[in-house]
Amino acid sequence: MSSDLEYSPYDYRVHEDPYPVYARLRREAPLYRNEELDFWALSRHADVATAFRDWERFSSVNGVTLDASAWGPHAHRTMSFLALDPPRHTRLRSLVSRGFTPRRVRELHPRILEMTRTLLEPLIEGEPFDFVADFAGVLPMDVISELMGVPEADRPELRRLAEVVVHREEGVQDVPPAGMDAALTLVGYYAELLAAKRRKPGDDLTSALLEAEVDGDRLADGEIIAFLFLMVIAGNETTTKLLANALYWAWKHRLTDRVLKEPVDAWIEETLRYDTSSQQIARTVAEDFTAHGRTVPAGSRLLLLVGSANRDEDVFPGADRYDLDRDTSQLISFGGGRHYCLGANMARLEAQIALTEFTRLVSAYEVDEANAVRVHSSNVRGFASLPVSLIGRSPG
Ligand code: HEM
């Protein structure tokens, strides 16, 4: 490995374009060590996929992000079973899965469609607008609120709080005090929601989680609240970024005519592969392990570079090409093994509905790239702001 090869998920140059450094890591240092930040990183598809499946050697008990306040044995208090190993992970995930069923997600379809239309229709033929502020940053959180049974009047405030939780000023590497406050307010809100659903159950996920039972075991209130909070952390910003990334990359590669004419599935999958919103996931190495001639001691922090694995030439020939015709079945954007994203179906359904409506209403669009703003986060990649202008389809 040459001495000039440096990778940090906090580096602004990496946020601008991480793919050149990923390519070098895969080639020159497939098991990379960053002394200063005290982590190791795997970047090849085969290694990342194997590590995802091996929870015994690559543990989640200290959480899955390097950010100081989110790392440690307490991580599960805010990230629920995302930050637990079996058997505690298995117990919580199976209880939650009793309520968070594929059927419940499918049944959201008409409401997601309605919400999409309400947001999108007024934007057609109007002035240029910010696709993130006015659409992609609104829909996912409102869909999560719909799923949980949050009354419509409360949703704008929850959206605001969720935004504060994930917002980072330039140069800040950890959750700022405002983010902590907003997280506490959200948790307080979910505690009240739970109490309200217990008094008067509805046909929503929160009520279903109160009823969920496996062999006589049930979820404690604190466990339900932590899971509701996890959905905001895991399912909100990631889906926002996917929608804006899809618009951006199709435009950047001069494929807008094509994506606006075709079914949107290939557009979604190739965007997930080419530039995934969740760029890397951390693990704790449970026992010494050796790979590529180096040994990582037990207790080390290890990053699985998902964004890099998705660009591995050994699995995706011509991986740096944004290609709507490619086989994307090996994409690893939703992880793998025990922690495979619980919301993958929901994210895909939402993107399907949102982008299909977009293609139905829009005949052409332009991105104002000079004024687009990227987020600076250690693990989420995408736009904080994406100005676009649209031409609507003529009716009929
Ligand atoms: C494009 C959108 C999304 C991406 C890229 C994404 C990515 C991921 C990844 C990589 C993991 C695995 C984490 C690990 O192995 O430690 C994960 C887990 C998870 N995701 Fe997603 N996700 C998305 C959307 C959603 C949505 C919409 C929801 C729910 C509303 C959701 C809920 C979860 C949950 C609960 C877990 C934890 C699963 C476990 O630990 O067993 N995600 N997600």
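By convention here, the first residue in the shown sequence is residue 1. We count ligands from 1, going down the list as the structure has it; atoms in each ligand are counted the same way.
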* Structure fact -> min-distance protein heavy atom vs atom 33 (C) of ligand 1 -> Ala234 CB, 3.7 Å
* **Top protein contact for atom 38 (C) of ligand 1, by heavy-atom distance** =>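 Here the closest protein heavy atom is Arg93 NH1, 3.3 Å.
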If you take the nearest heavy atom of each of [options], which one is closest to [atom]?
atom: atom 2 (C) of ligand 1; options: Thr238, Leu205, Asn236; answer: Thr238
atom: atom 4 (C) of ligand 1; options: Phe334, Phe100, Phe227; answer: Phe334
atom: atom 43 (N) of ligand 1; options: Gly235, Ser60, Cys341, Ala51; answer: Cys341

Is there a path of hydrophobic side-chain contacts, each under 4.5 Å between heavy atoms of I, L, V, M, F, W or Y residues, that connects [X] with [Y]?
X: Phe100; Y: Leu209; value: yes
X: Tyr12; Y: Val380; value: no
X: Val61; Y: Trp55; value: no

[X], portion touching ligand 1 at heavy-atom distance under 4.0 Å:
X: Leu82; result: both
X: Arg348; result: neither
X: Phe81; result: both
X: His339; result: both
X: His89; result: side chain
X: Leu230; result: side chain
X: Val64; result: side chain

* To do: Please indicate whether any nitrogen or oxygen in Arg283 is less than 3.5 Å from any nitrogen or oxygen in ligand 1.
  => yes
* Check the surroundings of atom CZ in Arg360: do more than 12 heavy atoms from other residues, nucleotides or ligands lie under 6.0 Å from it? => yes
* **Qualifying residue, where the test is side chain to side chain contact (heavy atoms under 4.5 Å, CB included) with Met141 and the options are Val232, Thr239, Val150, Thr240** => Val232
* Asked: Does ligand 1 have an atom under 4.0 Å from some heavy atom of Lys241?
  -> no
* Asked: At a 4.0 Å cut-off, with the gap strictly under it, does some heavy atom of Ser333 reach an atom of ligand 1?
  ->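 Distance cut 4.0 Å: Ser333 passes for ligand 1.
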* Salt-bridge contact Arg159-Glu163 (side-chain N to carboxylate O under 4.0 Å) -> no
* Indicate the ring-plane relationship of Trp249 and Tyr322, choosing parallel, tilted or perpendicular according to the 30° and 60° boundaries. => tilted
